[in-house]
Amino acid sequence: MLTLVVPTYNERNNLPALLERVEAALTACGEPFEVIVVDDDSPDGTSEVARSLAARHGWLRVLTRKHQRDLSTAVLAGWFATRGEILGVIDGDLQHPPELLPVLLRRLRETGADIVIASRHVKEGGVSKWSLFRRLISWAATLMAGFILPGTLSRVRDPMSGFFLLRRPVVENSPLRPVGYKILLEVLAKGDYHRCEEVPYIFQERFRGGSKMGLRTSWQYLLHLASIALDTGEARRVFRYAAVGASGAVVNLGVFALLTRVAGAPPALALPAAIGLAIINNFLLNDRFTFPETRRRTPGTAAAAGRFVRFLLVVLIGAFFNLTLASTLMRLARAPLELAVLAGIGAAAAWNFVLNSRVTWKVWWDRDVHLRRWRAETAPAPPADTVCNLCGGRQFIVLYRGRAGAASRPDLFRCTSFDHGDFTNILRCVSCSLVFQAPADAIRQIEECYRRVQDPVYLREEQGRVHTFDRLLDEIDAVQGRAEVQGRRRGDSKVQSPAAATPHSAVRTPHSRGCLLDVGCYTGVFLDRARRRGWQVSGLEPSRWAADVARRRGFPVQEGLLAESALPPASFDAVTVWDVIEHFGDPRAEVDRVERLLKPGGLLALSTMDVESGFARLLGPRWPWFMRMHLYYFSPDTLGALLEQAGLEVVEVRRHRRIVSARYLLEKAAAQPSRLSGLFRLAARLPFLGRLHIPVNFGDTINAYARKPMASVATTEPG
């Protein structure tokens, strides 16, 4: 059966005509088919239109995703919602001609291809009425893709196509983690396939609606390319090539200085000799370290000599391009000398890398090598009883295979744990994109580890937390201030302050800000800062050690878990959950409990990691927050969905900036496996670094603020 996915966002005007043409085209194929419209909760009512059509057509299904807007993950959601033998995708804007579907399917069947792509860049293909600027943008995007996927692009001319068919095994066990609009790039990079075919078509102009392209989609595309480069190892190859080039520059300058200043050779003789030795240096190092596959496949002096001749020709042509471009920029564009020289160097470097990779060593990107590695790293399917905590879905993608070590022990669950990279498997729900760790350790085992945890490093580093928590309290003040202003504009006197939101408010001192509960308060640092601001504070903490420390400091802290507490409902004006929600075994239930504790108009403030941030996506499995103690990984979308499911109104989501000592930051860096770990560890011993506090913000941590609606007062008033 053929399953065709139509990802949509604001396409209600195009969808009926598209589906009518799709039905006619697929009916003509004579094969069973289904069409799945995956809509990202379009505000124009696309889902409603699709459901009305589905009521009349048995071949049509509709999936509506809340709090998400990403074409690639929408396509995956559709593919994984079916067991179709052939999977396909077509845009919902009528720019792809559905009448081409029988041709694509026939080519797939007749040639035995794994993927058949509707291509604009083969003979008889093209675009309709694109401007020169748009053509240049498309050409540049394809060129960048070629830089990342050269082995693939030697066989595929249009890797940016959004209209294609493939066999299910291509993606069924592949570690796909796409972002943005170009899912074919992900499939070509990581899919399990051997043969691709392309069929020409003319890309049509949009008939109704507006383009989805913008700065956000451009950024997602660049991020996706960088992510693929890291996953495939091409980023490492580029880095090695650049390092070899830098060593050649050192050899060039060093030999020139040695010959002219020590040996007294004239510059006219010293310069060619220095350049020649630098070229030899670069060739030998690249042959050994950057492209070792070629040397192993074609060993011997004769083969090496042939590679050296090709390398020399490429470098000479690159030098010509360097001089020509720099001269042209200075003469015609009147560019400054420095800018022109840099442009020439950059162009020559790109030329040398591309041509040497493709011509000299002929092994830029070996798909077979990468596929063998990915198949070896493919994790087994999650247990059959795995259920998404957010949407209840049962279809998951294994993003990263786990590397968990020994069984859980208390030191793995310290707030300052250095055991980065110790996790099981990282999964993503196909339906809602929630990311979580599975299989996780038994919840009771985890809870016992939290009860027994001790963390002397946290005590040592508390001053950084003081600075961080002061900033968070400033944010809480700002959020509450904005809520009061908005309440006055609406004429709602009840929103003047959370502390006065309900008759259930406790008796306060004249300067009291209200009652605040800190869930996971640890040693009470935040409680101390909040009390200084006028809050009546109390804490909840599972660690016996941490709760004892907080109580000795004079704070009312209850030892245990939120589910075990006997706290009365609607008793707090604010509840804070700093860096805790990712540790919950059941975050949905825990947020429900927090909602019940809040008074109407009360504020929930929390912080957690953002698994969809650029930093997290670039590092992939090397992201430091993939750890044994973190069970769930949220994005602003999935976190917003979780809070709204609990009946809370999301007020604001912003990036989190924490303050840490330079010593602690170096210790964290040393915990990452790298060749610089020893250097970081040595530097962290410098005593003054413990007193030097610096702000850290990689964009991968977020603060979320949500209010309990005032309407909730009706449900919390005594009967």
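Since we're looking at a predicted model, the values are computed, not measured.
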Does [X] reach the main-chain N or O of [Y] with its side chain, forming a donor-acceptor pair under 3.5 Å?
X      : Y      : value
His420 : Ala671 : no
Arg120 : Asp158 : no
Ser635 : Val611 : no
Arg195 : Ala113 : no
Asn281 : Leu277 : no
Asp114 : His194 : yes
Trp79  : Gly84  : no
Tyr193 : Leu188 : yes
Glu31  : Met1   : no
Thr298 : Arg295 : no

Any side-chain donor near an acceptor of the partner, [X] and [Y], under 3.5 Å:
X      : Y      : value
Ser119 : Glu198 : yes
Trp361 : Asp287 : yes
Tyr241 : Asn356 : yes
Arg628 : Ser417 : no

About how many Å separate [atom2] of [Y] and [atom1] of [X], when rounded to the nearest 0.5 Å?
X      : Y      : atom1 : atom2 : answer
Phe680 : Leu682 : CZ    : CG    : 11.5 Å
Arg685 : Arg663 : CZ    : CZ    : 13.0 Å
Asn282 : Ser247 : CG    : OG    : 5.5 Å
Leu2   : Leu105 : CG    : CG    : 6.0 Å
Cys429 : Ile397 : SG    : CD1   : 9.5 Å
Asn352 : Ile317 : CG    : CD1   : 9.5 Å

Subject >> Exceeds 12 heavy-atom contacts within 6.0 angstrom, atom CZ of Arg288 >> reply: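 Atom CZ in Arg288 is not packed in, count stays at 12 or less.
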
Ion pair check, [X] and [Y], cut-off under 4.0 Å:
X      : Y      : answer
Arg617 : Glu612 : yes
Glu197 : Arg107 : yes
Arg409 : Asp419 : yes

Could you tell me if the side chain of [Y] sits less than 4.5 Å from the side chain of [X], heavy atoms only?
X      : Y      : result
Val171 : Leu166 : yes
Pro266 : Thr260 : no
Val199 : Ile117 : no
Trp623 : Met609 : yes
Leu87  : Arg168 : yes
Val170 : Asp192 : no

Subject >> Heavy-atom pair of closest approach, residues Tyr633 and Gln437 >> reply: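 For Tyr633 versus Gln437, the nearest heavy atoms are OH-NE2, 4.1 Å.
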
Subject >> Ala273 to Leu259 - nearest heavy-atom pair and separation >> reply: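 Ala273 and Leu259 have their closest heavy atoms at CB-CD1, 3.9 Å.
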
Subject >> Verdict with supporting geometry, Arg428 and Thr73, side-chain hydrogen bond (donor to acceptor under 3.5 Å, both in side chains) >> reply: CA-CA 10 Å; Arg428 172 187 282 153; Thr73 57; over 6 Å; no

Subject >> Candidate pair Phe291 and Thr360, rule side chain to side chain contact (heavy atoms under 4.5 Å, CB included), full reasoning >> reply: CA-CA 10 Å; Phe291 305 99; Thr360 303; over 6 Å; no

**OP:** For Val309 and Phe311, run side chain to side chain contact (heavy atoms under 4.5 Å, CB included): C-alpha distance rounded to whole Å, both residues' side-chain angles, the deciding distance at 0.1 Å, then the answer.
**Re:** CA-CA 5 Å; Val309 171; Phe311 176 78; over 6 Å; no

Original post:
Which of parallel (below 30°), tilted (30 to 60°) and perpendicular (above 60°) describes Tyr201 and His96?
Top reply: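 Rings of Tyr201 and His96: perpendicular, over 60°.
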
Original post:
Parallel, tilted or perpendicular: which fits the ring planes of Tyr664 and Phe418, with parallel below 30° and perpendicular above 60°?
Top reply: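 Tyr664 and Phe418: tilted rings.
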
**OP:** Check the pair Tyr400 / Phe626 against ring-ring contact (aromatic ring centres under 6.0 Å, His included), numbers first and verdict last.
**Re:** CA-CA 10 Å; Tyr400 309 114; Phe626 284 134; 5.4 Å; yes

Subject >> Derivation of the ring-ring contact (aromatic ring centres under 6.0 Å, His included) call for Phe436 and Phe396 >> reply: CA-CA 10 Å; Phe436 59 98; Phe396 310 101; 5.4 Å; yes

